[in-house]
Amino acid sequence: MKSQRSKKRAISLGALMNFIVAIAVFGVGRVVWQGVGLRLSATGLESSHNLPLSAEAVPSIPASHTLDNQGTWIYTVALSPEGSILVSGGYDGQIKWWDRKTGSLLRTIQGHADAIESLAISANGQILVTGSWDNRIKVWDLKTGNLRRTLRHGDDVKAIALSANGKLVASGGTNNKLQIWSLETGQLLHRLPADTWIQSVAFHPGSQTVAYGSQSGQIQVWQLSQSEKPRLLQTLVGHQGMVGAVAFSPDGQTLASGSADKTIKLWNVDQGQLLKGLAGHIAPIRSVAFSPDGQTLATGSQDTNVNLWNVQTGYILGRLNEHRQAVWTVAFSPDGQELASGSSDATIKLAAVHDLAREAIANSPLAHTVPSERESDSQDL
Amino acid sequence: MIVIDSPPLENCLGFLALSSYVMTLAPSISRIVFPKYKKAFLPKILLKNRRLIGVFAFLFAFFHGWLLINKRHIDFSDFRTSWIYCQGIATMIIFTVLAATSNDWSVKALKKNWKQLHRLTYLAMFLLTWHVWDKMSGHWTYVTPISMVAILSTTALYFLRLWYEHRAEN
């Protein structure tokens, strides 16, 4: 009797175990399949009916330089204010200084013990700040590469931003907090709560306003003050997936956000209103950047493409499609002549975008109100 | 200066997976290396619930991997991913196979092959040592040294067991 009971129990336990294992295997399979599916669609092996714009309709932007990162995924790039130096960070935790003109590697530092997902250069070109999965934020001298300070974040650092005056550092990551630090003293000034992981951070170019995008698809805009507690200005809701990138326009009026829902949204910062939604990628958006004149927006996506958009009209101006893997980062040169993009294909591509930027101005509604046939993918809201 | 961080949730889950895995190995190793304690309470309990503990090891490892895939946007369509995370992926495959066959039905169906298949568990020992060392070097959390000591001690005892068995055979 007893042995029968224990046999029955063993059978039901075995069935339960198999059920749990089946669910788990299904979960792993789904993740892998999603990745493979994305690759097929990005390479055009799958039907392209989802593409909002056929590849032939968009002018392709050729890369003028390709910087080889020796097989290591690139997660972040930034250009120095005078535009001669490009700094990159990637999976191996190394920080690399490149000569933008020649594409030669100038310096390599093992900056972190884990991947560097975000970095920023101060407006005066003196300071480089890096954030890593090793839970550290490091402040470096951009000229010499010497470490000035290390800040402990608590968990993976996924996003870093420097205020325009170079006094504050904002960092966000998987500890569900937006942390504001004093760059001079290294002191933690504020810890602002987030609903979930913070994926992207940006400072307003003219004030002490900071915006972050979170895993839940929410964007929050906070006003910082030296004397008072930080004040929540806006909560922007509209994205259906994680907000992987946020950037303020140079005039500070518009905030661009890129999301895992494959769309880019432009927001009026003061009113918290959605201005425009842009659809032209077929995979999550990982990076957004405004050109220095604010007329052009560059977006990098997991679909391996970099798109250039006319901010006024919302039309695609061109597409850099030379990367073979997800594009994690895009950055304009300070003169707006070149665009740098970094990818998990372990390359940084530099592309001349000056002509396209000129076209953006020419195509703005004030100059030219009739859009051409190929330009039909914005969703004015 | 060495600074140790608090472990985030995914590291805790990884630690629990490793601990459960070590517990599945402990009875068979201690039976040979410490025969005096063969009938002690703990080895007996561990031996009795070995399969269940193995399934827990798999579940903890699964959630550990799932959290990290989400947290770090790991792209499985990239070949380099498989190489970078090869120890973790290989261990996960082994754990999945072992968990899926940890039932009486599989024992009956696979017969002698079941024992052969479950010898894969010893391979995971080396893979896990490599995995913890490779992924946590330079940024240890409080559970990293415990994990390293546990897995290295288990490996050392496993070799001692092999040596004892070899000596007994001769």
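Values below: every heavy atom of this structure, side chains too, minus hydrogens, waters and symmetry copies. Chain letters run A, B, ... following the sequence lines, proteins first and then strands; every chain starts at 1.
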Roughly how far apart are B/Ser6 OG and A/Asn135 CG, rounded to 0.5 Å? 9.0 Å

In this structure, CD1 of B/Ile84 is separated from CG of A/Asp92 (nearest 0.5 Å) by 9.0 Å

Residues of residues 145-155 of chain A contacting chain B, heavy-atom criterion under 4.5 Å, by residue number: A/Arg152, A/Asp155

Report, by ascending residue number, the residues of residues 124-141 of chain B in heavy-atom contact with chain A at a distance under 4.5 Å; give 'none' if the set is empty. B/Lys135, B/Ser137, B/Gly138, B/His139

If you take all heavy atoms of A/Trp197 and B/Leu67, which pair is closest and at what distance?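 Shortest heavy-atom separation between A/Trp197 and B/Leu67 comes out as CH2-O, 4.2 Å.
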
Over all heavy atoms of both residues, which pair between A/Asp134 and B/Asp5 is shortest? Give the atoms and the distance, please. O-OD2, 4.0 Å

Less than 4.5 Å apart, any side-chain heavy atom of B/Arg72 and any of A/Asp114?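 Touching, per the 4.5 Å side-chain cut-off.
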
Tell me whether A/Arg324 is salt-bridged to B/Asp78, with the criterion being a basic N under 4.0 Å from an acidic carboxylate O.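 Between B/Asp78 and A/Arg324 there is no salt bridge, as every charged N stays at least 4.0 Å from the carboxylate O atoms.
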
Under 3.5 Å, is there a donor on one side chain and an acceptor on the other for A/Glu117 and B/His73? no

I'd like to know if the side chain of B/Asp75 pairs up with that of A/Trp73 as donor and acceptor (distance under 3.5 Å, no hydrogens or angles considered).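 Their side chains do not contain a donor-acceptor pair, so the 3.5 Å distance test is not met.
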
Verify the neighbour count for atom OH of A/Tyr91: are there more than 12 heavy atoms of other residues, nucleotides or ligands below 6.0 Å? yes

Can you confirm whether more than 12 heavy atoms, excluding those of B/Trp163, are under 6.0 Å from its CH2 atom? no

Under 4.5 Å from a heavy atom of chain B, the part of A/Ala346 involved: both

Does B/Lys71 use its side chain to pair, donor to acceptor, with the backbone of A/Asp156 at less than 3.5 Å?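 No.
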
